[in-house]
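Here is the structure we will look at, set down as structure tokens.
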Amino acid sequence: MKTSDFDYILPPEMIAQTPAEPRDHSRLMVLNCADSSIEHRHFYDVENYLKSGDVLVFNDSRVIAARILGRKATGGHAEILLLRRLAAGEWEALVQGKHLGPGSQIIVAGETENHSVEILEDCGDGVKKVRLSNEGALLKIGKIPLPPYIRTPVADPERYQTVYNREPGSAAAPTA
């Protein structure tokens, strides 16, 4: 099986830009394995398709404000996407911006003071180890990361959490 087996054309106008309200009114595609037919339903119908012994897996991870925008010392734009906390103030992150190697500093404007993100190490595959000068403040300044096909600004970040969220840690909103 190849990942290309899952490629399909999805017209942009068919991509929801905001979560359904109420939440259980989100769309549910049901594939009947016996005859390969497809039904378009709503999530509140899901219980009609469950049988004894079926297992549901719930995503209880809470999306953190992991997208942090800043500036390099030269004034150019930089963007950090926090992926995984390693220790207090240290994270694995994706960092966008030219010439940002170990030792580089990214300045992030806060409400009353600036904060910084220091590049500690290049871990390969675009991932870098970074140190946050003030982890709590930067996670408040950060934004909920959304995929590029979501173009509508986030009015209420809580709308991009699963209804089961408990444990902070996801670096991307559940948009599927």
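Here the structure is a predicted model, which is why all the values come from computation and not from measurement.
One distance of note links CD1 of Ile15 with CZ of Arg151; it measures 8.0 Å at 0.5 Å rounding.
Linking Ile, Leu, Val, Met, Phe, Trp and Tyr residues whenever their side-chain heavy atoms come within less than 4.5 Å places Met14 and Tyr8 in a single cluster. Linking ILVMFWY residues whenever their side-chain heavy atoms come closer than 4.5 Å, directly or via other members, leaves Val117 and Val127 in distinct clusters. Leu83 and Leu86 are not part of a single hydrophobic cluster, where members link through side-chain heavy atoms under 4.5 Å apart. Grouping the Ile, Leu, Val, Met, Phe, Trp and Tyr side chains by contacts below 4.5 angstrom, directly or via other members, places Val46 apart from Ile38. Hydrophobic clustering keeps Leu81 apart from Val108 (ILVMFWY residues linked when any side-chain heavy atoms are closer than 4.5 Å, directly or through intermediates).
For the pair Arg131 (side chain) and Trp91 (backbone), a donor-acceptor distance under 3.5 Å is absent. Here the side chain of Arg23 pairs no donor or acceptor atom with the backbone of Ala20 at under 3.5 angstrom. At distances below 3.5 Å, not a single donor-acceptor pair connects side-chain atoms of Thr152 with backbone N or O atoms of Thr18. Of the possible donor and acceptor atoms, one in the side chain of Gln161 sits under 3.5 Å from a partner among the backbone N and O of Val63. With hydrogens and angles disregarded, no donor-acceptor distance shorter than 3.5 Å links the side chain of Glu90 to the backbone of Leu132. With Lys143 contributing its side chain and Leu69 its backbone, the two residues share no donor-acceptor pair below 3.5 Å.
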Item to check | Verdict with reasoning, Ile150 to Gln17, per side-chain contact (heavy atoms from CB on, under 4.5 Å) | outcome: CA-CA 5 Å; Ile150 302 289; Gln17 293 297 303; 4.2 Å; yes
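Counting heavy-atom neighbours within 6.0 Å of Arg27 CZ, excluding the residue itself, gives a total of 12 or less. Atom CZ of Phe43 is surrounded by 12 or fewer heavy atoms from other residues, nucleotides or ligands within 6.0 Å. Residue His42 qualifies as enclosed at atom NE2: its count of foreign heavy atoms under 6.0 Å is above 12. In this structure, Glu21 places its CD atom where more than 12 heavy-atom neighbours from other residues, nucleotides or ligands lie under 6.0 Å away.
In summary, Lys128 and Glu118 do not engage in a salt bridge, as defined by a charged side-chain N under 4.0 Å from a carboxylate O.
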